[in-house]
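Have a look at the structure below before the remarks.
Since we're looking at a predicted model, the values are computed, not measured. Numbering starts at 1 and runs along the sequence shown.
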Amino acid sequence: MFGIQHFGAFLLACLALNLTPGLDTFYILARSGREGRAVGVGAALGINAGCLVHTVAAVVGLSALLMTSALAFAVLKYLGAAYLCWTGVRMLLTRRTGPKTTVTRGTGFAAAFRQGMLTNVLNPKVALFYLAFLPQFVSMQAPHAQWGLLVLGVSFIGTGLCWSMVLAMLGAGVHRLLLSRADIAAWMDRICGGVLLAFGVSLALRRQH
């Protein structure tokens, strides 16, 4: 009814993306490591609230477009596949030469939540991800495809929120580990990059039913 396809593969891609050390990861770790778990939780909630904004925006814009235009779906299909392949290749080839630094403004739970949310809402790369990624797993012929997009968006947020909470709980220790051992983050990049590259190729070859 919702037109969701290959949900297991979707969750696998979500996990790979969530486990990849990036801006959100280091923001949560920095907040938790400096100000404690409660503030780290605030940062995690803020980041995922920003993801919810992008999910709603993508559902509203995409549901009308994809249900009326096969060409639009084809364009987004290859855009999404190219995005995943590009991300995967970049992660495989990039060498980390030092720790990432995260700039934080304000202190406390509310400040961490606000900055985390704004960081995501104002990031055009996040908007592009939602626009290119979600339609790959929903049939545009389904009677309620817009709800399928919403379910996928919420599922991605759910996996991200679980990982974000783990980071917030373990923030201080994990933050110190990643700062002192760049090779660990580099190996995480390689593993997740390989998964995303393979997944992008499979998306490009997949037909929409």
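At a threshold of 4.5 Å between non-hydrogen side-chain atoms, the residues Met117 and Val53 count as touching. Within the 4.5 Å cutoff, the side chain of Asp24 has no heavy atoms near those of the Ser164 side chain. Two residues are said to be in side-chain contact when any heavy atoms from C-beta on lie closer than 4.5 Å; Phe7 and Leu152 meet this criterion. With contacts defined as side-chain heavy-atom distances shorter than 4.5 Å, the pair Leu134/Phe10 qualifies.
Side-chain N or O atoms of Tyr27 include none that pairs as donor or acceptor with a backbone N or O of Ala44 at under 3.5 Å. Of the possible donor and acceptor atoms, none in the side chain of Arg37 sits under 3.5 Å from a partner among the backbone N and O of Ala168. The closest donor-acceptor contact from the side chain of Ser32 to the backbone of Ile28 lies at 3.5 Å or more, if one exists at all.
Annotation for Gly153 and Thr55: closest pair CA-CG2, 3.7 Å, computed over non-hydrogen atoms.
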- Message: Run the side-chain contact (heavy atoms from CB on, under 4.5 Å) test on Asn18 and Phe156 for me, step by step, so that the C-alpha distance in whole Å, both residues' side-chain angles and the decisive distance to 0.1 Å come before the verdict.
- Response: CA-CA 9 Å; Asn18 289 325; Phe156 179 72; 3.9 Å; yes
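With sequence neighbours excluded, the residues satisfying side chain to side chain contact (heavy atoms under 4.5 Å, CB included) with Leu45 are Val41, Phe109, Phe113, Leu161, Met165.
Here the CG-OG distance, from Leu150 to Ser155, works out to 9.0 Å after rounding to the nearest 0.5 Å. A distance of 11.0 Å separates CZ of Phe137 from CD1 of Ile4, quoted to the nearest 0.5 Å. Distance check: Thr159 OG1 to Leu15 CG gives 5.5 Å after rounding to the nearest 0.5 Å. Atoms SG and CG, on Cys162 and Leu167 in that order, are 11.5 Å from each other to the nearest 0.5 Å.
Taking hydrophobic clusters as Ile, Leu, Val, Met, Phe, Trp and Tyr residues chained together by side-chain heavy-atom distances below 4.5 Å, Trp163 does not share a cluster with Val39.
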